[in-house]
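Read through the structure below, which is laid out as structure tokens, and then see the notes.
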Amino acid sequence: VDEIGPGAAGTAALDAWIARREAVLDGVRATLIEVLHLGAEPDELDPDTPLFGAGLRLDSIDTLDLVVSLEARFGVQVVEWEEQAPGTLRTLNTIVDHLLAAPPGAAT
Amino acid sequence: VRWTERDGVATIAAYGPVRDEVFGLRRAVALSDLSHVGVLRVSGESAFDVLDRLLPCELHLRDGQVRPTVLLHDDGTIAADLSVACDDEHYWLFAEGMPAAALAERVRAAGLPGDDLAVDDLGATHAVLGVDGPIAWELLGAFDSPGIGALPHLALARLDDGVICLRGSRTGEYGYQLVVPVTNKAAVWNRLTTLGAPLGLTLAGVEALEHCALEAGSFVVQAEGRRGVTPLDVQLQWRVSRRKTYPGSAALAAARARPDRRRSTGLRGPAGMAPGDAVVLDDVVIGTLLAAGPDYGIVGAATIGAVGATGPVGTMGAAGAVAGGGGGIALAHLDLRLAHPGIDRFTVRTADGEAPVRTVSVPFVQNRSLYLRPGRQRPDLDTLPFPYLR
């Protein structure tokens, strides 16, 4: 996961990194609201909300729609995440982690 | 056996080393005595209306459906961790964080004159047992029938001999709570331990269950829930509605508008972290720890062998090497702007001094349950990926 570490100088770097993470999080929230027809405000979706079981209670059809929509919005191969590392689609934050870890330019 | 108290009830904290119980649960299946879990049966023509006034979740449930929610104080802070279920005759409330008698009083107080309402506290007549782990479904299937092992998540079913089974878990693994008539408790316990022995059953106390919940990123009312938090603070908005009025709803609406909000975020750091420790950025306190525990993580390991006499860490199968352990995991309550994973610019002021930490996404573990499906032939447990991969 792309991180802001002790080597980064000053608050400007931290602010820039947080802004980038929030932008990706906003995109994930918008995708979920659209795909699941949630009728919710974006800030109702906490970043650590579970996607399956409890939380948003996605089923297999929802998951397929979500994967397709994330791939279209962010230009990454989300389906490969689950093949290589099951469970990466667990919360909004774990999706953001993987989008930020995608090749440069894939998640902006 | 070491004892503790939860919600005014004496309960088992641990049967032995908590780490061994955690690993036993994560590896196969664990059995727990959940005598502190309150169970209320709410009946009558007014049951829906009364509970709908009191509870913050949307209450339209199908028969057999279970919904996690919370009970709030008027100031929006969490009073109890609840699951509400319905069958064709009753609503059921499963509660932690508040004695069942006090919860029953809150329910009755939400009634209006003339309401048809009956609230029964099953504490004197029933016990609650917990079965959790990646093959918990296999033990439940042997105990009752294969179908009950495949009960959908957040569903309720009636079994033989007056046993009620709720599927739902805070550990991230398959989990079931059995509400058992006290007259049958010993027989059910003995049968589960007998059937579970060949599966590698572990007995787990509440400390192991609460640690597993911390690892899973699940709300623990006995930890962060004791620090005066609202659902906004601990990312539980999915358990409350914005579209109805209930005790605490006005306070939550006001809290949403506050510029100084905080939000829970996972941390990895030193072993000495404790609830209440300050989180610091450039000598400015930006939050506090809500909950903390040891990090049993194993980094770089693909599989783990059987739990050995020295404990699971250090008893690896051939495919991996132990690198984890020794650190800590925590849930921090951080200024909203900074409450994001992936930052290692913060420090925590522990009793042993100030130490660097790194914010991470929860859950802290990758559960084995992700690799298993009830009803399908399962692989040998020793060939499965072990959960501590993150």
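Just so it is clear, the structure is predicted and the values come from calculations on it, not from any experiment. Side chains included, hydrogens not; waters and symmetry mates left out as well; all remaining heavy atoms used. In what follows, every chain begins at residue 1, and chains take the letters A, B, ... in the order their sequences are listed.
- The part of B:R263 that comes within reach of chain A is its side chain, from C-beta onward, which places non-hydrogen atoms under 4.5 angstrom from that chain.
- The part of B:L236 that comes within reach of chain A is its backbone (N, CA, C, O), which places non-hydrogen atoms under 4.5 angstrom from that chain.
- B:R67 touches chain A through its side chain: at least one heavy atom from C-beta onward sits under 4.5 Å away, while N, CA, C and O do not.
- Under the 3.5 Å distance criterion, with hydrogens and angles disregarded, no donor-acceptor pair is assigned to the side chains of A:T94 and A:D97.
- A salt bridge does not link B:R242 with A:E41: none of the charged nitrogens is closer than 4.0 Å to a carboxylate oxygen.
- Between B:R239 and A:D46 there is no salt bridge, since none of the side-chain N atoms of the basic residue sits less than 4.0 Å from a carboxylate O of the acidic one.
- For the pairing with B:D335, the salt bridge (charged side-chain N to carboxylate O under 4.0 Å, His left out) check across B:R261, B:R258, B:R262 returns one residue only, B:R262.
- When the candidates A:D43, A:T49, A:L56 are compared by the number of heavy-atom contacts under 4.5 Å with chain B, A:D43 comes out ahead.
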